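What follows is a set of notes on a single structure, which appears directly below.
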Amino acid sequence: MCKVIAIANQKGGVGKTTTTSNLGIGLAQEGKKVLLIDADPQANATRFYGISEDANTIACIMDGLADDPYDCIYCTAHEGVDIVPSDISLITADIASVSKGVGAGRLRDFLDVIDEDARTSGEATAYDVVLIDCPPSFTAASVAAIAASDDVIIPVKVDAFSVSGMRELLTQISGVRGICPGIRTAGILVTMWHNSPAVVQGEALLRDSGVPVFRTVIRRSDKVDESTFARQPLNEYSRYSSAGRDYRALVVEYLEGAGV
């Protein structure tokens, strides 16, 4: 079975999409076959990878309309990385899922189908790693993402709002864990780190919180914003920038502890 990782925080602007994209590229460069799932109706990951606006999206999966799951999977320009795109229609699919009381298991079912097909064709799994870029809210899609996941990585910018969003998410993960007990909080990932007293003190508090925190922190860098405008991962746009080096260190740290 593939390793499924949700990248989540209830606060926006903490680097979820940046982390999903750069972690995915980094894992692919380590020889892993990666599927990114954009579960955010803002569709930033979808735009980053230049997927057409008329593509089949995760909304088809959440609505139960994807007769052939492969119709929702698209190749990217990066070897070893495929994507299930998103768009604004995911909001409607979320509302329908809630009103019908369905949807929480559909993402897991989708992944099970493509894994079963891979085993039938003689492969161990369709993908080594699935990364899910979650929305900054608790929606049917985010519940489905967490329920489908083995690990949850929580990017946190060290400020009161982001830390509050982290705590809310931990409560929600605990609730989903009631029906999916195998979900692991892989760790808090400190993003946009810079050497100021508030950030240093905040990081220390996080490390004393009892929740796992990655050794690696992602330093604040203008190259991150520039790379999103260029639609290039940091490994290509600015490989030796501080954030580029940090994301490579994160890949190594995750692989050391995750058994992928």
Side-chain angles (χ1 to χ4, degrees), residues 1-9 15-28 32-53 55-66 68-78 80-91 93-94 97 103-118 125-155 169 173 176 180 183 186 233 254 258 260:
M1 294 288 290
C2 60
K3 178 75 73 172
V4 184
I5 309 163
I7 314 295
N9 190 322
K16 290 189 297 294
T17 300
T18 298
T19 296
T20 304
S21 300
N22 285 285
L23 184 57
I25 294 292
L27 288 167
K32 308 300 181 184
K33 189 171 183 184
V34 178
L35 177 65
L36 302 183
I37 299 178
D38 190 350
D40 187 345
Q42 295 180 81
N44 290 327
T46 299
R47 284 192 289 272
F48 180 84
Y49 284 100
I51 305 301
S52 169
E53 292 184 1
N56 295 316
T57 71
I58 186 177
C60 299
I61 298 168
M62 295 297 296
D63 274 335
L65 301 176
D68 185 343
Y70 300 97
D71 288 344
C72 300
I73 299 175
Y74 295 83
C75 296
T76 73
H78 305 280
V81 181
D82 294 343
I83 188 169
V84 174
S86 183
D87 65 10
I88 197 68
S89 68
L90 181 56
I91 293 176
D94 266 328
S97 295
R106 282 181 170 160
L107 205 49
R108 180 72 263 178
D109 292 343
F110 163 78
L111 295 173
D112 286 344
V113 167
I114 60 176
D115 253 355
E116 180 60 32
D117 285 350
T125 184
Y127 295 95
D128 299 304
V129 182
V130 176
L131 294 170
I132 309 176
D133 187 17
C134 295
S137 56
F138 202 57
T139 64
S142 62
V143 172
I146 293 169
S149 296
D150 304 297
D151 285 350
V152 181
I153 293 175
I154 308 173
L169 176 63
I173 292 171
V176 178
C180 302
I183 302 167
Y254 183 79
V260 177

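In this text, all values refer to a predicted model and were calculated from it rather than measured experimentally.
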Please determine, by modelled atom types, if Asp38 and Tyr49 share a side-chain donor-acceptor pair under 3.5 angstrom.
-> no

What are the two closest non-hydrogen atoms of [X] and [Y], and how far apart are they?
X: Ala8; Y: Val152; answer: CB-CG1, 4.3 Å
X: Ile25; Y: Pro233; answer: CG1-CB, 3.8 Å
X: Val84; Y: Phe110; answer: CG2-CZ, 3.9 Å
X: Pro136; Y: Lys16; answer: CB-NZ, 3.8 Å
X: Ile37; Y: Val130; answer: CD1-CG1, 3.7 Å
X: Ala186; Y: Ile153; answer: CB-CG1, 4.1 Å

Inter-residue atom distance [X].[atom1] - [Y].[atom2], 0.5 Å rounding:
X: Ile154; Y: Ile173; atom1: CD1; atom2: CD1; result: 4.5 Å
X: Asp87; Y: Arg47; atom1: CG; atom2: CZ; result: 10.0 Å
X: Leu23; Y: Ile5; atom1: CG; atom2: CD1; result: 6.0 Å
X: Leu36; Y: Thr46; atom1: CG; atom2: OG1; result: 9.5 Å
X: Ile7; Y: Thr18; atom1: CD1; atom2: OG1; result: 11.5 Å
X: Ile61; Y: Ile73; atom1: CD1; atom2: CD1; result: 7.5 Å

Test item: [X] side-chain N/O and [Y] main-chain N/O as donor-acceptor pair under 3.5 Å:
X: Asp115; Y: Ala126; answer: yes
X: Asn9; Y: Pro155; answer: yes
X: Ser86; Y: Ile58; answer: no
X: Ser142; Y: Ser137; answer: yes
X: Thr76; Y: His78; answer: yes
X: Asp82; Y: Leu35; answer: no

Taking it one step at a time, do Ile183 and Val176 satisfy side-chain contact (heavy atoms from CB on, under 4.5 Å)?
-> CA-CA 8 Å; Ile183 302 167; Val176 178; 3.7 Å; yes

Going through the distances and angles, do Thr139 and Leu90 end up as a side-chain contact (heavy atoms from CB on, under 4.5 Å)?
-> CA-CA 10 Å; Thr139 64; Leu90 181 56; over 6 Å; no

Partner residues of Asn56 under the side chain to side chain contact (heavy atoms under 4.5 Å, CB included) criterion, sequence neighbours left out | Cys60, Asp71, Cys72, Tyr74

Tell me, with the steps shown, if Phe48 and Asp133 meet side-chain contact (heavy atoms from CB on, under 4.5 Å).
-> CA-CA 12 Å; Phe48 180 84; Asp133 187 17; over 6 Å; no

Check: Leu169 and Ile146 side chains under 4.5 Å, non-hydrogen atoms | yes

With a 4.5 Å heavy-atom cut-off, do Tyr127 and Leu111 have their side chains touching?
-> no

Would you please test Val113 and Glu116 for side-chain contact (heavy atoms from CB on, under 4.5 Å) and show each step?
-> CA-CA 5 Å; Val113 167; Glu116 180 60 32; 5.8 Å; no

